[in-house]
Structure formats: structure tokens, C-alpha cells
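It should be emphasised that the depicted structure is a prediction, and the values quoted were computed from it without experimental measurement. No hydrogens, no waters, no symmetry mates; every other heavy atom, side chains included, goes into these values.
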Amino acid sequence: MTNSMHSTILRRMTGQRTDGADENPLTSSRALRLALTKAANDIVGLVLTVTSVAEEVQPLETMLAGLDEDLMLIELIRDNKLVGIVALDVQLRAAILEMQTVGSLIGAAADPRPATGTDKMMCDPVLAAFLDALPKAVVGTTLEGWADDVAIAQRIASSRAAGLVLDDHDYRILRLSVDLGVADRAGSILLALPPLQQALLTQTAAVEEPDWDSQFQASVAEAPASLEALLHRFSLPLTQARSLHVGQVVPLPGCTVNSVRLMTPDGHKLAEAKLGQIGGKRAVRIEAAPLLQMAELSGDVVGATGLADVIVGQGDPLALDVGGLTDAVANDPINFDEVAPADLPLDGGLDLPAGDDFPMMDMDAMSLTENS
């Protein structure tokens, strides 16, 4: 019987199957156990036993809500892009630190405390070895390709901070519970990455190059453009400007519906326009500038008053600075009432002639500029 046992052991050591032995196929759970156990033992000499492996798929919000406060969260990147996290609890962190500092585990469980940068630095070699071994270990299992080309990066301060940097989609979560073998000490490690299908979609989207020309044109087309519709501009003494009150009617000599000028914000004239309305709102229609009309002046001498009447009577969109004619017409003041000026109330109202209702761009309000 002893010889039979020795033969069986030798056949197992040489890779030969014994009669009646069933093949034990590699599963994803077994692959994870082997990868973590080997990484901990090879890097820091920590002998641990993986007692359970739990796998589930959760959305980001649910995953973050289930994270304990004492977990040390570390970014996982692929192609320099954040794709997931790995988390160690305080007991597994303490075990790795103890093996590197005192060479063995302490008989008592570690006290809860927040993770530090030193904790991450000491645990990085074990985590890096685990992630390096994982792709090869899971070949032929349902996890094949899931953790390929993944590396550790920076520590994340909290689960709330993780929610700000992680993409909002489903994550495949693996929780490994470990027995440290001393004084019933136990720890855990969590690995969260997008499902393989989601990772492939993310990589495909990242490869697609954006159409910069189309995006630039679309951005420019959506940029706001500001125009000012100027109906009339005139000057008046400061004393009159200070005496203006709500409801007062101010005459606009020579102002007609064709007197609108579209101005840029910096004061440059852009186009001539005609005043009208559409849908009960004021509007303007861009038109070609009207041609100036010549008129014969009758009489032997034309005074300043007659010249002003001719200019204003043509209805041209010209601004007349009444103050500039004060010296020339001191004895013969200009009477603008004789040319039937259009009146514009201070509240912005304007009586438009019938028949000027036409389709044009909306202008919620016209602008009246006063120079004092």
C-alpha cells in the first residue's frame, strides 16, 4: 500500500493523471486566488489564503455607495486613461506593511485608520505584481481580456472623489476576502473595471478622430452676434436732458422708417434697414442705402433755415446737430414743426405707417442713443 501511494505521488509530480482522477478546469475564481496568493508571497513573503471571491456588475453610484470608509482607493489606468479602481482594506494594508517592516505579522488586528501616501507606496509592489499576473492567470476564463494592460496610478482620497473622476457606467466588481493566518486576522481587496464589452466600446470611441473642421465651423456658427438698431441720434443741452421725464414726447426731425442703421457693438455701421413690425413686435428689414436726391434751391440767397428745410425734407437718414447751427441762425431759428417730424415717446413707442408689416428679423427693442 505504501508503494502504491508513492507511485501515485510520483505520477502526480511528473504530470501523469492517476486512475479515477477528475480533471479540475481552471475557473476565473481559482485564477484570481492563484494570482493574488503568488503576488503577496513573491513580493513581501506574505502567506495568505483567499477564502471567497464575489463577482457582480453595478452602476457607478451603487458601487461607490457600498465602499467602506477605511478602504484605500487607487486609480487603475489603461492607455493613460482612468478606467477603474482597486481598493484595500486596513487589515490587508497593515499586513503588507508589517511584512516589510518587521518581517512577520503581529498577533493583533490593526486599528482602523485613514489610508496615507506611505500606505500606497508600500502596497504598490504587491498590487503591481497582482495586476501583471492577472491577465495570464485568467486566460481561458470569463475574465480573459478584462484586466489586460491595466496599471495602478494615483491614490483617490475618498469614494466621493472617485465619483468625480470615474466615468458613469457599469463596473464589473470582484471582491476577494483573504485569511492572513494569524489571530483570525482577515482582509479584503476589491477590483472594479468596466465589463469587457464596455471597455471595447470605450477604446473604439477613443480611437475615432474628431472632425475638427466641422466642429470649428459649428462652434463659430453658434457664436452670438450682437447688433444695435439705431433709429436717430441728436444732441441737446444738458439742462434739457436733465428735465426729461417719463411720458414726454421728443421730436425726431427728419427721422423716417428708412432711417434705421444697424451698428456693431464698437460703433461701426453695418447696414441700412427699414423699420416695421412682425408678429406684434418691432422688426427691421435690411435694405440698400437710399440714393441722395438733388433739389434746386429757389431765390437769390438761401439762408441757413432754407438749407436745413431741404435736407430734412428729403427724408434722408442724416443726423442734424442743431447745436452746430446756433451762430448761423441766431436771428432766424429753425422750426422743425414745419416738416412734420415723427415723434418717439421716451418709453420706446413708435407709430408705424400702415402697410409696413413684413417678414424680417425680430428685434425686441429699438435703441435710441442720446448724446449729452
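- For the atom pair T264 OG1 and L227 CG, the distance stands at 8.0 Å (nearest 0.5 Å).
- Cluster note: L97 groups with M122 through ILVMFWY side-chain heavy atoms spaced under 4.5 Å, whether in direct contact or through intervening members.
- Looking at I85 and M63, their side chains come closer than 4.5 Å, going by heavy atoms from C-beta outward.
- Within the 4.5 Å cutoff, the side chain of P194 has heavy atoms near those of the H169 side chain.
- The structure places OG1 of T116 at 8.5 Å from CE of M121, a figure rounded to the nearest 0.5 Å.
- Side-chain atoms of L92 and L180, non-hydrogen and from C-beta on, do get closer than 4.5 Å to each other.
- Here the side chain of R285 pairs no donor or acceptor atom with the backbone of G276 at under 3.5 angstrom.
- Side-chain N/O atoms of N258 and T256 include no donor and acceptor closer than 3.5 Å.
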Fill in: Worked check of side chain to side chain contact (heavy atoms under 4.5 Å, CB included) between L67 and L190
CA-CA 9 Å; L67 297 180; L190 177 144; 4.0 Å; yes
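- Tracing side-chain contacts under 4.5 Å through hydrophobic residues (I, L, V, M, F, W, Y), one never reaches V90 starting from L176; they form parts of separate clusters.
- In plain terms, the two heavy atoms of T141 and T27 that are nearest each other are CG2-C, 3.7 Å.
- Residue L127 is not grouped with residue I156 when hydrophobic side chains (ILVMFWY) are merged at heavy-atom distances under 4.5 angstrom, including chains of intermediate members.
- Following chains of ILVMFWY side-chain contacts shorter than 4.5 Å, one can reach V44 starting from M72, so the two form part of one hydrophobic cluster.
- Taking all atoms of both residues into account, the shortest heavy-atom contact from V150 to L131 is O-CB, 4.1 Å.
- Remark: S159 OG to L166 CG distance equals 10.5 Å, nearest 0.5 Å.
- Within a 6.0 Å sphere centred on CD of E287, other residues, nucleotides and ligands contribute more than 12 heavy atoms.
- L143 and V139 fall into different hydrophobic clusters, defined by Ile, Leu, Val, Met, Phe, Trp and Tyr side-chain heavy atoms under 4.5 Å apart, directly or through other members.
- Residues satisfying the salt bridge (Lys or Arg N to Asp or Glu O under 4.0 Å) criterion with K269, sequence neighbours excluded, are E272.
- For the residue pair W146 and L191, the shortest heavy atom distance occurs at CZ3-CD2, 3.7 Å.
- Summarising the geometry of A192 relative to L76, their closest heavy-atom pair is O-CD1, 4.2 Å, with the distance given to 0.1 Å.
- In this structure, the side chains of V182 and I106 stay at 4.5 Å or more apart for every pair of heavy atoms.
- Side-chain contact between V260 and K274: absent, with no pair of heavy atoms (C-beta onward) separated by less than 4.5 Å.
- How far CG of L36 is from OG1 of T49: 10.5 Å, rounded to the nearest 0.5 Å.
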Worksheet item: Between D124 and I74, does a side chain to side chain contact (heavy atoms under 4.5 Å, CB included) hold up when you go through it step by step?
Response: CA-CA 9 Å; D124 277 354; I74 301 176; 4.2 Å; yes
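- For F130, there are no ring-ring contact (aromatic ring centres under 6.0 Å, His included) partners at least two apart in sequence or on another chain.
- T51 contributes a side-chain N or O that, together with a main-chain N or O of S177, makes up a donor-acceptor pair within less than 3.5 Å.
- You'll find the side chain of Q217 stays beyond 4.5 Å of the side chain of V220, heavy atoms only.
- Applying the salt bridge (Lys or Arg N to Asp or Glu O under 4.0 Å) test to D42 and every residue at least two apart in sequence or in another chain returns K38.
- Among residue pairs with one or both ends in residues 63-76, none qualify as side chain to side chain donor-acceptor pair (under 3.5 Å); sequence neighbours excluded.
- Atoms SG and CD, on C123 and Q100 in that order, are 7.0 Å from each other to the nearest 0.5 Å.
- Under the 4.5 Å side-chain heavy-atom criterion for grouping Ile, Leu, Val, Met, Phe, Trp and Tyr, V83 is connected to V86 within one hydrophobic cluster.
- Every salt bridge (Lys or Arg N to Asp or Glu O under 4.0 Å) that R185 has, sequence neighbours left out, goes to E98.
- Residues L231 and C255 form a side-chain contact, since some pair of their non-hydrogen atoms from C-beta on lies under 4.5 Å apart.
- You'll find the side chain of L46 reaches within 4.5 Å of the side chain of I96, heavy atoms only.
- Scanning all heavy atoms of the two residues, the minimum distance from P135 to A147 falls at CG-O, 3.7 Å.
- Counting only distance, with no hydrogens or angles, the side chain of D170 and the backbone of V57 share no donor-acceptor pair below 3.5 Å.
- A donor-acceptor contact shorter than 3.5 Å is absent between the side chain of R172 and the backbone of E55.
- To the nearest 0.5 angstrom, R261 atom CZ is 10.0 Å from E228 atom CD.
- Closest approach of A31 and A137 over heavy atoms only: CB-O, 3.1 Å.
- Using modelled atom types, no side-chain atom of T37 and backbone atom of L34 make a donor-acceptor pair closer than 3.5 Å.
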Discussion item. Set out, in order, the CA-CA distance, both residues' side-chain angles and the distance that settles side chain to side chain contact (heavy atoms under 4.5 Å, CB included) for L88 and L71, then state yes or no.
Written reply: CA-CA 5 Å; L88 280 74; L71 290 177; over 6 Å; no
Worksheet item: side chain to side chain contact (heavy atoms under 4.5 Å, CB included) between V50 and L32: does it pass, once the steps are laid out?
Response: CA-CA 9 Å; V50 179; L32 288 169; over 6 Å; no
